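Computed from a predicted model, the values in this text were never measured in an experiment.
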Amino acid sequence: EEFGPPDGFGRAIAAQDRLMIVGAPLTEDGAGTVYGFRADADGNWSLSGSFAAGTPSEEAGFGSAVALNGDLGLVSAPGDEAGSVHVFRLGADGWVEEAILRPSDEAARRFGSQLAIDGDIILASSPEGRDIHGTVEAFQYDGATSSWTSLGTLAADGLGQRSGYGSSLALREGLAY
């Protein structure tokens, strides 16, 4: 398969062990595609498949941000209405979409612009919103109900306009950075 600059291939990359996902958010008129790669025992990478949003929309930017944690892959589509985060689980048949997360704040814009995952916790940012300084929302997986629920937004009181809040995220051992 040919990859090239017009498709945005490589704008977002996440790798763990012998698995890598690479976003190409400009393919399909901006709807976007994510490519999965696997490394063999010698460290040689090969394309293992590609996947897109279940119902892609033009300019959704699917693959603008990606994150991996074990068999979970997160893919953002910040241009899909207010934005969305697609949760995929890797199984025997490849990547299967498990959930689509949306912002709880109706004023949020470009939700999923940045992503972080640690265990069963996800962080997703909206750099644009009601107060212009943006928001970060946390989600947690509930194994009993097999669903993701919002834990709420992370507050950042006292920030000025255009502060860049949420423009970069990290999550480790329950702490958000």
Side-chain angles (χ1 to χ4, degrees), residues 11-17 19-23 25 31-32 34 36 51-57 59-91 95-177:
R11 286 204 177 169
I13 299 172
Q16 185 178 29
D17 300 323
L19 185 63
M20 178 171 46
I21 55 176
V22 179
V34 170
F51 52 101
T55 54
S57 62
E59 299 183 22
F62 182 83
S64 292
V66 296
L68 273 176
N69 187 40
D71 65 346
L72 284 178
L74 306 180
V75 180
S76 75
D80 176 24
E81 299 175 9
S84 59
V85 174
H86 299 253
V87 181
F88 290 85
R89 193 169 299 272
L90 182 60
W95 292 99
V96 177
E97 191 170 66
E98 178 175 283
I100 300 174
L101 307 178
R102 301 210 181 265
S104 59
D105 183 351
E106 293 177 9
R109 297 292 176 263
R110 301 205 48 81
F111 176 73
S113 290
Q114 294 296 319
L115 301 171
I117 184 169
D118 184 36
D120 62 354
I121 304 287
I122 292 172
L123 297 180
S125 71
S126 299
E128 304 168 24
R130 182 181 324 274
D131 299 322
I132 303 177
H133 63 72
T135 60
V136 174
E137 189 163 354
F139 295 86
Q140 184 169 29
Y141 183 72
D142 181 350
T145 62
S146 298
S147 64
W148 292 89
T149 55
S150 175
L151 298 175
T153 57
L154 304 179
D157 298 332
L159 293 179
Q161 292 183 347
R162 305 195 196 300
S163 67
Y165 180 68
S167 60
S168 184
L169 297 175
L171 181 62
R172 179 142 173 103
E173 297 177 2
L175 295 175
Y177 300 94

Side-chain donor or acceptor of [X] paired with backbone N/O of [Y] under 3.5 Å:
X	Y	value
S125	G166	yes
D80	A60	no
Q114	A124	no
D17	L19	no
S150	G152	yes

For the student: nearest non-hydrogen atoms of [X] and [Y], plus distance:
X	Y	result
T145	S147	OG1-OG, 2.7 Å
L115	S76	CD1-N, 3.9 Å
W148	I122	CZ3-CD1, 3.4 Å
F62	V34	CE2-CG2, 3.6 Å
A116	L169	CB-CB, 4.1 Å
A82	A108	CB-O, 3.5 Å

Applying side-chain contact (heavy atoms from CB on, under 4.5 Å), run through L123 and L154 and close with a yes or a no.
-> CA-CA 9 Å; L123 297 180; L154 304 179; 3.9 Å; yes
Got a second to check how far T149's OG1 is from Y141's OH, nearest 0.5 Å?
-> 11.0 Å
When rounded to the nearest 0.5 angstrom, what is the spacing between CD1 in I117 and CG in L68?
-> 8.5 Å
Using a 4.5 Å cut-off on heavy atoms from C-beta on, say whether the side chain of [Y] contacts that of [X].
X	Y	result
I121	L151	yes
R110	S126	no
T153	V136	no
L74	V87	yes
P78	S64	yes

Is the count of non-hydrogen atoms from other residues, nucleotides or ligands lying under 6.0 Å from E97 atom CD greater than 12?
-> yes
Using the test ring-ring contact (aromatic ring centres under 6.0 Å, His included), find all partners of F88 that sit at least two apart in sequence or belong to another chain.
-> F51
ring-ring contact (aromatic ring centres under 6.0 Å, His included) with F139: which residues, sequence neighbours excluded?
-> none
Identify, with sequence neighbours excluded, every residue that meets side chain to side chain donor-acceptor pair (under 3.5 Å) alongside D118.
-> none
Contacts of S104 that satisfy side chain to side chain donor-acceptor pair (under 3.5 Å) - sequence neighbours left out = E137
side-chain contact (heavy atoms from CB on, under 4.5 Å) evaluation trace for V85 with I100 | CA-CA 6 Å; V85 174; I100 300 174; over 6 Å; no
Distance-only donor-acceptor pairs under 3.5 Å for side chains of residues 170-177, two or more places apart:
none

Does E81 have any side chain to side chain contact (heavy atoms under 4.5 Å, CB included) partners at least two apart in sequence or in another chain, and if so, which?
-> none
For the pair E98 and L72, evaluate side-chain contact (heavy atoms from CB on, under 4.5 Å) and give the outcome as yes or no after the intermediate values.
-> CA-CA 9 Å; E98 178 175 283; L72 284 178; 4.3 Å; yes
S84/R102 under side-chain contact (heavy atoms from CB on, under 4.5 Å): CA gap, chis, key distance, verdict = CA-CA 5 Å; S84 59; R102 301 210 181 265; 3.3 Å; yes
